[in-house]
2 protein chains.
Amino acid sequence: MTRLRAKVWLEKDGVPVLGDGRAVLLETIDKEGSIHRAAGKLGMSYRHAWGIIQKINRAWGEGVVHSTKGGKEGGKTELTTSGRALLKEYHKKAAALDRFLK
Amino acid sequence: MTRLRAKVWLEKDGVPVLGDGRAVLLETIDKEGSIHRAAGKLGMSYRHAWGIIQKINRAWGEGVVHSTKGGKEGGKTELTTSGRALLKEYHKKAAALDRFLK
DNA sequence: TAACGTTATGCTTTACAAAGCATAACGGAT
DNA sequence: ATCCGTTATGCTTTGTAAAGCATAACGTTA
C-alpha cells in the first residue's frame, strides 16, 4: 500500500546526463537505427528526441550517437562506443539500486 | 566526476506522498510551530507551503498537521501523530537507501 | 531531375508547477 | 473596538519542459 520509490540518474560534474527516460531513448535508437523511428515508437516528437540527445552530448562531453543524412533510407543513427559505455555504466549502477529497493 | 544520484519518495496507492522537499517542510513546521514561519525560513511562499500540505493530506489520507487560528501569536500549526509517523517511515527507508548509494 | 525518408534547427503553442497578489477570518492583547 | 500575526483560499503571473509546426539539407533510387 505504501512504498518507497526512487528516480535514478547519472550526473557528470553536477549536470544530469542519463536517467531512465533518456536511457530508453538511446536503447530504442540503437534498436531502430533511427532517431525518427525511435521517437515515433516512444510516442515522442522527433524534435524533442533530438533536443534530448543534444543535452546528453553536452553533459557527457562526447557524442553518444553518430548520424548520417540522405541515402536510400533517408539517413540513420547509431550509438557511438562512448554512448554504449554510458548506457552500460548507468544500467550497472541502476540495477544494483533496483535490487536494493526490495 | 560521474556519479549516480537518486531522488526518493514515499507513495501510497501510486500517489506521491512525501519526498525530500516535503519532508523538510514538515520538519521545519514542527520546529517553528507555524506554516508561515516555516515557509519564510525555507524561502517559499506561505501559499505554496499550504498547498503542499493539502496535497500530502489528500495523498496520505489523514491530516499530517493540526492548526489553530487567532490568539496571541496569530495561530500555530503542529504535526499530528500521523504526520510524525509518516516522517519517521520516510526517514527510515530513505536513510537505508542513502547508505546504499556509497 | 524528381521523389522519398531522415537528419537538423528555429519558432510558436501547451501544460503545469511555483510564485506572487489579494482578501477574509480568527482570537488574544491593548 | 482596534491591532497583530497567522490560517485559509481564490485568482493571476511567471518559468520551464514538452509538443507541435515549419523548413532546409542530404544522398540514394527511379
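Below, read A as the first sequence line, B as the second, and so on, with proteins coming before strands; counting in each chain starts at 1.
Phosphate contact (OP1/OP2 of dT6(C), side-chain N/O of S67(A), threshold under 4.0 Å): absent. For dT7(D), the OP1/OP2 oxygens have a side-chain nitrogen or oxygen of S34(B) closer than 4.0 Å. At dT6(C), none of the side-chain N or O atoms of T77(A) fall inside 4.0 Å of OP1 or OP2 (strictly under the cut-off).
Rounded to whole Å, the distance from CD on E32(B) to P on dT6(D) is 10 Å. Atom CG of L25(A) is separated from atom P of dA17(D) by 17 Å (rounded to the nearest Å).
Taking a 4.0 Å limit (strictly below) on heavy-atom distances, residues 39-54 of chain B reaches DNA chain C at R47(B), H48(B).
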Can you list the steps and then say if K88(A) with K92(A) is a side-chain contact (heavy atoms from CB on, under 4.5 Å)? CA-CA 6 Å; K88(A) 195 169 180 180; K92(A) 187 179 149 193; 5.7 Å; no
For M1(B) and D13(A), run side-chain contact (heavy atoms from CB on, under 4.5 Å): C-alpha distance rounded to whole Å, both residues' side-chain angles, the deciding distance at 0.1 Å, then the answer. CA-CA 6 Å; M1(B) 197 169 194; D13(A) 303 327; 3.4 Å; yes
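As judged by a 4.0 angstrom heavy-atom cut-off over every strand, G75(B) is placed among residues touching the sugar-phosphate backbone only.
The hydrophobic clustering, which links ILVMFWY residues whose side-chain heavy atoms are closer than 4.5 Å, places V15(B) and Y90(B) apart.
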Could you go through residues 54-67 of chain B and list every donor-acceptor pair under 3.5 Å that involves a side-chain atom there, pairing it with any protein atom two or more places apart or in another chain?
| residue | atom | partner | partner atom | Å |
| --- | --- | --- | --- | --- |
| Q54(B) | NE2 | W50(B) | O | 3.4 |
| N57(B) | OD1 | V64(B) | N | 2.8 |
| N57(B) | ND2 | I53(B) | O | 3.4 |
| W60(B) | NE1 | S82(B) | OG | 3.1 |
| S67(B) | OG | T77(B) | OG1 | 2.8 |

Show every donor-acceptor pair shorter than 3.5 Å between a side-chain atom in residues 38-48 of chain A and any protein atom, with sequence neighbours excluded, or say none if there are none.
| residue | atom | partner | partner atom | Å |
| --- | --- | --- | --- | --- |
| K41(A) | NZ | E32(A) | OE2 | 2.9 |
| S45(A) | OG | H48(A) | N | 3.0 |

